[in-house]
Student: 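Pasting in a structure now, in structure tokens, and then I'll have a few things to ask.
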Amino acid sequence: TYNKLGEYQNAVSALTKATELRKDWVIGINELGVAFRQMNNFKEAVRQFERAVNLDGSFAPAYYNLGEAF
């Protein structure tokens, strides 16, 4: 929700906590990458998208976002 509202720092805070609790939550990890990308932190965005792809090789949104972040 924070990403959709453009509140990227809040998204990073919430999603960081959430993905620490559920380390395999691919959707949350991808959204964390989106928040970092929107904040122009491409290095961290790439790290999150790669993490998502490594967890679920069939999660297409993470591949797309990874390409955009590069």
Side-chain angles (χ1 to χ4, degrees):
T1 301
Y2 283 130
N3 275 343
K4 297 290 183 195
L5 293 171
E7 296 180 20
Y8 304 116
Q9 189 57 55
N10 287 333
V12 167
S13 295
L15 289 164
T16 297
K17 287 180 186 177
T19 57
E20 286 172 356
L21 294 172
R22 284 200 55 205
K23 296 187 185 318
D24 62 343
W25 186 34
V26 177
I27 295 169
I29 295 166
N30 184 67
E31 286 298 316
L32 182 56
V34 169
F36 281 120
R37 187 183 69 217
Q38 293 295 79
M39 294 170 48
N40 295 322
N41 184 343
F42 297 107
K43 182 178 178 180
E44 189 59 32
V46 165
R47 192 172 82 78
Q48 296 304 322
F49 296 137
E50 286 178 337
R51 187 173 154 210
V53 166
N54 288 333
L55 285 170
D56 184 351
S58 65
F59 190 66
Y63 281 103
Y64 177 84
N65 289 327
L66 181 59
E68 278 201 340
F70 273 122

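Values reported hereafter were calculated over all heavy atoms of this structure, with side chains retained and with hydrogens, waters and symmetry mates removed. Nothing fancy with the numbering, it's 1 onward along the sequence.
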Student: Quick one: CD on Gln38 to OH on Tyr8, what's the gap to the nearest 0.5 Å?
Tutor: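 Between atom CD of Gln38 and atom OH of Tyr8 there are 4.0 Å.
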Student: Heavy-atom count around Ile27 CD1 within 6.0 Å, excluding the residue itself: above 12?
Tutor: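 12 or below, so no.
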Student: Return the minimal non-hydrogen interatomic distance between Ala45 and Gly33, and the atom names on each side.
Tutor: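 In terms of heavy atoms, the two residues are closest at CB-O, 3.5 Å.
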Student: Quick check: is Val26 connected to Leu32 through a chain of hydrophobic side chains (ILVMFWY, heavy atoms under 4.5 Å apart)?
Tutor: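 Yes, it is one cluster - the side chains of Leu32 and Val26 are joined through contacts under 4.5 Å.
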Student: Evaluate whether atom CZ of Phe42 has more than 12 neighbouring non-hydrogen atoms of other residues, nucleotides or ligands under 6.0 angstrom away.
Tutor: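 Result for CZ/Phe42: enclosed.
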Student: Side-chain contact, heavy-atom cut-off 4.5 Å: Asn41 with Lys43?
Tutor: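 Yes; the side chains approach each other to less than 4.5 Å.
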Student: Look at the side chain of Asn65 and the backbone N and O of Asn30, then say whether any donor-acceptor pair between them is shorter than 3.5 Å.
Tutor: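 Answer holds: no.
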Student: Kindly state each residue pair satisfying side chain to side chain donor-acceptor pair (under 3.5 Å) with at least one member in residues 10-25, sequence neighbours excluded.
Tutor: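 Matches after skipping sequence neighbours: Glu7-Asn10.
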Student: Tell me whether Phe59 is reachable from Leu55 by hopping between hydrophobic residues (I, L, V, M, F, W, Y) whose side-chain heavy atoms are closer than 4.5 Å.
Tutor: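 In one cluster: yes.
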Student: Measure the CG-CD distance between Leu15 and Glu31 for me, rounded to the nearest 0.5 Å.
Tutor: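 CD of Glu31 is found 7.0 Å from CG of Leu15.
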Student: Might you point out which heavy atoms bring Ala62 and Val53 nearest each other, and give the distance in Å?
Tutor: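 Closest approach of Ala62 to Val53, heavy atoms only: CB-CG2, 3.7 Å.
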Student: What residues, two or more places apart in sequence or in another chain, satisfy salt bridge (Lys or Arg N to Asp or Glu O under 4.0 Å) together with Glu44?
Tutor: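 Residues passing salt bridge (Lys or Arg N to Asp or Glu O under 4.0 Å) with Glu44: Arg47.
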Student: What I'd like to find out is whether the side chain of Phe49 reaches to under 4.5 Å of the side chain of Val34, using heavy atoms alone.
Tutor: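 They are in contact (side-chain heavy atoms under 4.5 Å apart), so the answer is yes.
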Student: How would you list, by chain and number, every residue that makes a side chain to side chain contact (heavy atoms under 4.5 Å, CB included) with Leu21, sequence neighbours excluded?
Tutor: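 Leu21: no side chain to side chain contact (heavy atoms under 4.5 Å, CB included) contacts found.
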Student: Quick one: do Val12 and Val46 end up in the same hydrophobic cluster if we chain Ile, Leu, Val, Met, Phe, Trp and Tyr together by side-chain heavy atoms under 4.5 Å apart?
Tutor: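 Hydrophobic grouping puts Val12 apart from Val46.
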Student: Does any N or O in the side chain of Tyr63 come within less than 3.5 Å of the main-chain N or O of Gly57, such that one atom is a donor and the other an acceptor?
Tutor: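 Looks like yes, one N/O pair under 3.5 Å.
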Student: Below 4.5 Å, heavy atoms only, C-beta onward: do Leu66 and Phe70 meet side chain to side chain?
Tutor: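 They are in side-chain contact.
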